[in-house]
Amino acid sequence: MKSISAFLTLILSSLMGTAQLNHTSNYSEIETIDFYSEAVGDTFTVSVQLPKEYEARAETHYPITLVIDGDFYFPTLAPLLRQYEITGLLPPMILVGIGYGDFQKMDSLRVRDFLYPEPLESDEMVAPGGGLNFYRFITYELLPRLETTLRVDTAQRTLMGHSLGGYFSLFALLQQIEEERGTFSNVIAASPTLWYHDFFLNQLPEKIASSDPKAMLDIVITAGSLENSEWTLNPIHKLTVSFKNQNIPHLHVDAIIYNYLDHMDTGQLSFIKGLQRFYNSPSTQ
């Protein structure tokens, strides 16, 4: 474990340039660094877990999975994915958590970064609509630097988010369609805030239908059965029906409602089951 930890430290130190090494996680084969974004004008905490076999299989390129709200999700998701990798329930992958360094910052700054455009008066919230800047940070700054040094399978990038992060994950897909890019082939949106800006994301099915992507897109949208019908469950149903009505040949959408779960219960389960859906593990057959 010591050798691969040193190996990962060397990789991160070289690829981040001016990024400052923040701390080493208690979990093996994980490093966490501070990464300054020109697009956002702020510093993010980025944690990376390499596959257990990464150092031994020097010619192999791996899928990369990015989870936002990393301060909350990465510390529990990393060891869980490691266990699923060891037992063969998921393939080896590079896991990246994007956060702010502490929960207090996360609680306020996620509103800044995950939403676009600016809210309407009817949204009854204050937010600068910084989602486009956050998208540019991930797409034009973070991923290119990671992929310069790490062995990433660029055809298998996954973006995962919950609640406002679920909204951002779908917005990122909308934006990459607008830019005619194929950055993410897989998106998991757990309990997404679809009501935002008068259901701004309801344009997504038509936008995807009119696009010409070079590869399949996979989307998993989830919620818990105890969530609000008007603001969460019904909007997910409407968006899913809209996807199906478009009959998009290069798109696969799964909408999953988990029994007896409420809003804060859906994130981790959605991420694991979504990844199994993408990678067709035996447990999803």
Side-chain angles (χ1 to χ4, degrees), residues 1-16 19 24-25 27-33 35 44-68 70 73-99 138-161 169 172-173 176 181-188 214-220 252 268 270-284:
M1 297 299 181
K2 184 177 180 180
S3 62
I4 196 167
S5 180
F7 177 64
L8 182 52
T9 300
L10 179 61
I11 287 176
L12 288 171
S13 298
S14 63
L15 70 88
M16 296 308 175
T24 301
S25 168
Y27 302 112
S28 61
E29 299 151 21
I30 294 175
E31 292 293 334
T32 300
I33 56 94
F35 189 110
F44 292 91
T45 300
V46 179
S47 299
V48 179
Q49 175 174 266
L50 296 179
K52 191 174 182 64
E53 64 180 40
Y54 187 90
E55 190 175 7
R57 302 190 62 176
E59 302 302 317
T60 302
H61 288 66
Y62 295 93
I64 189 167
T65 296
L66 277 62
V67 60
I68 54 181
Y73 285 113
F74 187 89
T76 52
L77 187 60
L80 187 57
L81 283 188
R82 171 67 78 241
Q83 193 67 14
Y84 272 54
E85 173 191 347
I86 292 170
T87 56
L89 294 172
L90 278 171
M93 66 184 68
I94 299 168
L95 177 66
V96 179
I98 304 171
I138 291 174
T139 305
Y140 295 103
E141 296 177 347
L142 180 60
L143 275 174
R145 290 204 194 176
L146 290 172
E147 293 172 3
T148 296
T149 306
L150 299 179
R151 300 194 308 275
V152 175
D153 179 355
T154 57
Q156 290 291 334
R157 301 188 190 101
T158 298
L159 180 63
M160 312 190 300
S169 297
L173 182 56
Q176 76 177 38
R181 296 173 63 92
T183 306
F184 295 103
S185 56
N186 306 318
V187 169
I188 301 171
K214 297 179 174 58
M216 284 288 298
L217 294 173
D218 272 297
I219 303 174
V220 170
H252 187 101
Q268 202 82 295
S270 300
F271 300 154
I272 290 295
K273 299 308 291 184
L275 288 171
Q276 288 186 317
R277 159 70 188 84
F278 300 150
Y279 295 106
N280 200 31
S281 77
S283 63
T284 63

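Keep in mind that this is a model prediction, so the values were computed, not measured. In this chain, numbering begins with 1 at the start of the sequence shown.
- Taking both residues in full, the closest heavy atoms of Leu89 and Gln276 are given as O-NE2, 3.6 Å, listed atom of the first, atom of the second, then distance.
- With Glu53 contributing its side chain and Pro92 its backbone, the two residues share no donor-acceptor pair below 3.5 Å.
- Checked by atom type and distance alone, the side chain of Ser169 pairs as donor or acceptor with a backbone atom of Gly161 at under 3.5 Å.
- Residues His252 and Arg277 come closest through the heavy atom pair CD2-NH2, 2.5 Å.
- You'll find the side chain of Gln176 stays beyond 4.5 Å of the side chain of Thr139, heavy atoms only.
- Contact annotation: the side chain of Pro51 approaches that of Ile94 to within less than 4.5 Å [non-hydrogen atoms, C-beta and beyond].
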Worksheet item: Passes side-chain contact (heavy atoms from CB on, under 4.5 Å), Leu50 versus Leu150? Steps please.
Response: CA-CA 9 Å; Leu50 296 179; Leu150 299 179; 4.0 Å; yes
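- Nearest heavy atoms, Glu59 versus His61: O-ND1, 3.6 Å.
- Evaluation of the side-chain hydrogen bond (donor to acceptor under 3.5 Å, both in side chains) rule for Thr158 yields Asn186 as partners, not counting sequence neighbours.
- Note that CG of Leu173 is 5.0 Å distant from CD1 of Ile219, once rounded to the nearest 0.5 Å.
- Closest approach of Arg57 to Tyr62, counting heavy atoms only: CB-OH, 3.6 Å.
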Item to complete: Evaluate the criterion side-chain hydrogen bond (donor to acceptor under 3.5 Å, both in side chains) for residue pair Thr154 and Glu147; output intermediate values, then yes/no.
Response: CA-CA 8 Å; Thr154 57; Glu147 293 172 3; 5.8 Å; no
Practice prompt. Check step by step if side-chain contact (heavy atoms from CB on, under 4.5 Å) holds for Met160 and Tyr73.
Written response: CA-CA 10 Å; Met160 312 190 300; Tyr73 285 113; over 6 Å; no
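- Looking only at side-chain heavy atoms (C-beta outward), Leu143 and Ile64 come within less than 4.5 Å of each other.
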Worksheet item: Step by step, would you call Val67 with Ile188 a side-chain contact (heavy atoms from CB on, under 4.5 Å)?
Response: CA-CA 9 Å; Val67 60; Ile188 301 171; over 6 Å; no
Item to complete: Start with the C-alpha gap between Leu66 and Phe184, add the side-chain angles, then the distance that decides, and say whether side-chain contact (heavy atoms from CB on, under 4.5 Å) holds.
Response: CA-CA 10 Å; Leu66 277 62; Phe184 295 103; 4.3 Å; yes
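- Between Ser185 and Ala155, the closest heavy-atom pair is OG-O, 3.2 Å.
- By the neighbour-count criterion of 12 heavy atoms within 6.0 Å, atom CZ of Arg181 is densely surrounded, having more than that number from other residues, nucleotides or ligands.
- Between the side chain of Tyr54 and the backbone N or O of Arg151 there is at least one donor-acceptor pair closer than 3.5 Å.
- Side-chain atoms of Phe278 and Pro63, non-hydrogen and from C-beta on, never get closer than 4.5 Å to each other.
- Taking 4.5 Å as the limit, every side-chain heavy atom of Thr65 sits out of range of all side-chain heavy atoms of Phe271.
- In this structure, Leu159 CG and Ile138 CD1 are separated by 6.0 Å, a value rounded to the nearest 0.5 Å.
- Smallest separation of non-hydrogen atoms from Pro79 and Gln49: N-OE1, 4.5 Å.
- Taking NZ from Lys273 and CD from Gln268, the interatomic distance works out to 13.5 Å, rounded to the nearest 0.5 Å.
- Among the candidates Leu95, Leu81, Val220, the single residue satisfying the side-chain contact (heavy atoms from CB on, under 4.5 Å) test with Leu275 is Leu81.
- Taking 4.5 Å as the limit, some side-chain heavy atom of Phe35 sits within range of a side-chain heavy atom of Arg145.
- The shortest distance between side-chain heavy atoms of Ile30 and Phe74 falls below 4.5 Å.
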